[in-house]
Structures are given as structure tokens and as C-alpha cells.
Amino acid sequence: MSLKEKIVQTAHTLGFELIGVTTPQPPKTYAVFERWLAAGRHGEMGYLATPRSRERRADPRQILPGCRSILVLGVRYAKPDSPPGSPGKNPNPRGRVAAYAWGLDYHDVLIERLEQLHTHIEAMVEKPVP
């Protein structure tokens, strides 16, 4: 089994559902991000439009100059056990709750999983991985 296959298998075991590997070349879709910013779709996340953020998104090697591969991971948002207004819940619900708000804070969940995956990868390659 190749290193990539081992990493993918370990990531699946840790609960990552979407897993890919790419190169650190500038993304071909960067213009889409610029149009998204120009349309104001970043809302209150002003840091996304800073020169530093734009430079780093335009060329991932700005973040890790020696990088040869990028591991891309994804997890689906938690599904609610029962939607608002279900029996035993508020009988008169109003509004909608975003999918990301149903489960635990994904920042906390993903950090823990990423740290575990990082530890596994370092064990696989038998050296520190930045």
C-alpha cells in the first residue's frame, strides 16, 4: 500500500469523508475567489480580503515554501436527531438553523481529528511533518 493510500485509509478511520491530494501550484480557480470577494460574499470575514490572505490563497507556497503536496479533507455537517418542532421540541418553531450549528463546534472536532492524523502521518514517514 502506498503512503497516499495509507493516509487516505487513516483519514477515513478518523471520520474524514472527503479526502484528496493536490499540488501546491496556484489554483486555477483563484479568479472565482476574487469575484466572490468583489461581490462582498465574505460578509464580516474581512480578513479574507486582506493582501496577505489574497497572496496566500493565490499561491499556497506562500504558506509552506517547501510543500510538495496538499492534503484536502472534508466532513459533512452533523444531521439533527430531530428538527425543531418535532415531538418533544418547541411546537411552534420559527426560522431555520444552519446545518453547522446542529452538532458540536466543528472547529473543535476537526482540530482534534487533524492532530490525530498528523501524528499518524509522522509515524508513517518516521520524521516530523510541518
Side-chain angles (χ1 to χ4, degrees):
M1 185 181 295
S2 72
L3 176 60
K4 178 181 172 182
E5 291 169 331
K6 289 178 185 176
I7 292 171
V8 167
Q9 183 179 34
T10 302
H12 271 299
T13 301
L14 292 171
F16 291 101
E17 297 165 282
L18 306 170
I19 304 164
V21 178
T22 188
T23 65
Q25 302 304 312
K28 295 175 185 172
T29 58
Y30 182 73
V32 173
F33 175 68
E34 284 291 334
R35 287 194 300 274
W36 183 80
L37 288 175
R41 299 230 167 114
H42 56 297
E44 295 180 12
M45 298 179 289
Y47 65 90
L48 292 173
T50 65
R52 179 175 185 258
S53 174
R54 287 177 143 147
E55 289 168 10
R56 293 169 69 134
R57 286 180 182 272
D59 185 357
R61 294 169 294 192
Q62 296 289 319
I63 300 168
L64 290 170
C67 177
R68 295 186 311 208
S69 298
I70 297 174
L71 181 60
V72 183
L73 304 163
V75 179
R76 289 181 178 87
Y77 290 123
K79 291 183 180 178
D81 292 331
S82 56
S86 295
K89 302 278 183 179
N90 180 353
N92 300 308
R94 288 191 297 245
R96 292 175 46 163
V97 176
Y100 74 85
W102 279 103
L104 299 172
D105 185 330
Y106 66 90
H107 296 92
D108 298 332
V109 172
L110 292 181
I111 288 292
E112 184 177 321
R113 288 184 195 177
L114 289 168
E115 288 172 349
Q116 291 175 6
L117 181 57
H118 183 249
T119 299
H120 283 284
I121 292 172
E122 287 188 330
M124 288 178 209
V125 299
E126 298 178 339
K127 63 181 179 181
V129 174

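One-based numbering along the sequence shown.
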Margin query: Could you go through T23 and I70, starting from their C-alpha distance and side-chain angles, then the distance that decides it, and tell me whether this counts as side-chain contact (heavy atoms from CB on, under 4.5 Å)?
Written below: CA-CA 6 Å; T23 65; I70 297 174; over 6 Å; no
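- Of all the heavy atoms in P26 and P60, the pair that sits closest is CA-CD, 4.2 Å.
- Taken together through direct or relayed side-chain contacts under 4.5 Å among Ile, Leu, Val, Met, Phe, Trp and Tyr, L71 and V125 form part of one hydrophobic cluster.
- Closest of all the heavy-atom pairs between G15 and R113 is O-NH1, 3.3 Å.
- Under the 30°/60° scheme for interplanar angles, the aromatic rings of F33 and Y30 are found to be tilted.
- For the pair V72 and L18, the minimum side-chain heavy-atom distance is 4.5 Å or more.
- The CZ atom of R61 sits 14.5 Å away from the CZ atom of R56 when rounded to the nearest 0.5 Å.
- A side-chain donor-acceptor contact under 3.5 Å links H12 to the backbone of F16.
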Note to self: Could you go through L117 and T10, starting from their C-alpha distance and side-chain angles, then the distance that decides it, and tell me whether this counts as side-chain contact (heavy atoms from CB on, under 4.5 Å)?
What the structure shows: CA-CA 7 Å; L117 181 57; T10 302; 3.9 Å; yes
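- L37 contributes atom CG, which lies 9.5 Å from atom CE of M45 (distance to the nearest 0.5 angstrom).
- In this structure, CG on L3 lies 7.5 Å from CD1 on I121, to the nearest 0.5 angstrom.
- With hydrogens and angles disregarded, no donor-acceptor distance shorter than 3.5 Å links the side chain of Y106 to the backbone of V75.
- Open room surrounds CD on E112; 12 or fewer heavy atoms of other groups in view lie less than 6.0 Å from it.
- Atom CD of E115 is separated from atom CG of L110 by 11.0 Å, given to the nearest 0.5 angstrom.
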Next item on the list: Before giving the answer on side-chain contact (heavy atoms from CB on, under 4.5 Å), spell out for Q9 and E5 the whole-Å C-alpha distance, their side-chain angles and the decisive distance to 0.1 Å.
Entry: CA-CA 6 Å; Q9 183 179 34; E5 291 169 331; over 6 Å; no
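- With Q62 contributing its side chain and D59 its backbone, the two residues share no donor-acceptor pair below 3.5 Å.
- In this structure the side chain of R68 never reaches within 4.5 angstrom of the side chain of P24, judged on heavy atoms.
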Notebook entry, point to check: How far apart are the C-alpha atoms of E34 and W36, what are their side-chain angles, what is the distance that settles it, and do they pass the side-chain contact (heavy atoms from CB on, under 4.5 Å) test?
Noted result: CA-CA 5 Å; E34 284 291 334; W36 183 80; over 6 Å; no
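- When every heavy atom of M124 is checked against every heavy atom of I7, the shortest pair comes out as SD-CG1, 3.9 Å.
- Under the 4.5 Å side-chain heavy-atom criterion for Ile, Leu, Val, Met, Phe, Trp and Tyr, L14 and V21 are members of the same hydrophobic cluster.
- Nearest heavy-atom pair, I19 versus V8, reported as atom, atom and distance to 0.1 Å: CD1-O, 3.5 Å.
- Contact detail for H118 and V129: the closest heavy-atom pair is NE2-O, 2.6 Å.
- Remark: side-chain polar atoms of T50 are paired, donor with acceptor, to backbone N or O of S53 under 3.5 angstrom.
- A donor-acceptor pair is defined here as one N or O able to donate and one able to accept, closer than 3.5 Å; no such pair exists between the side chain of R54 and the backbone of L48.
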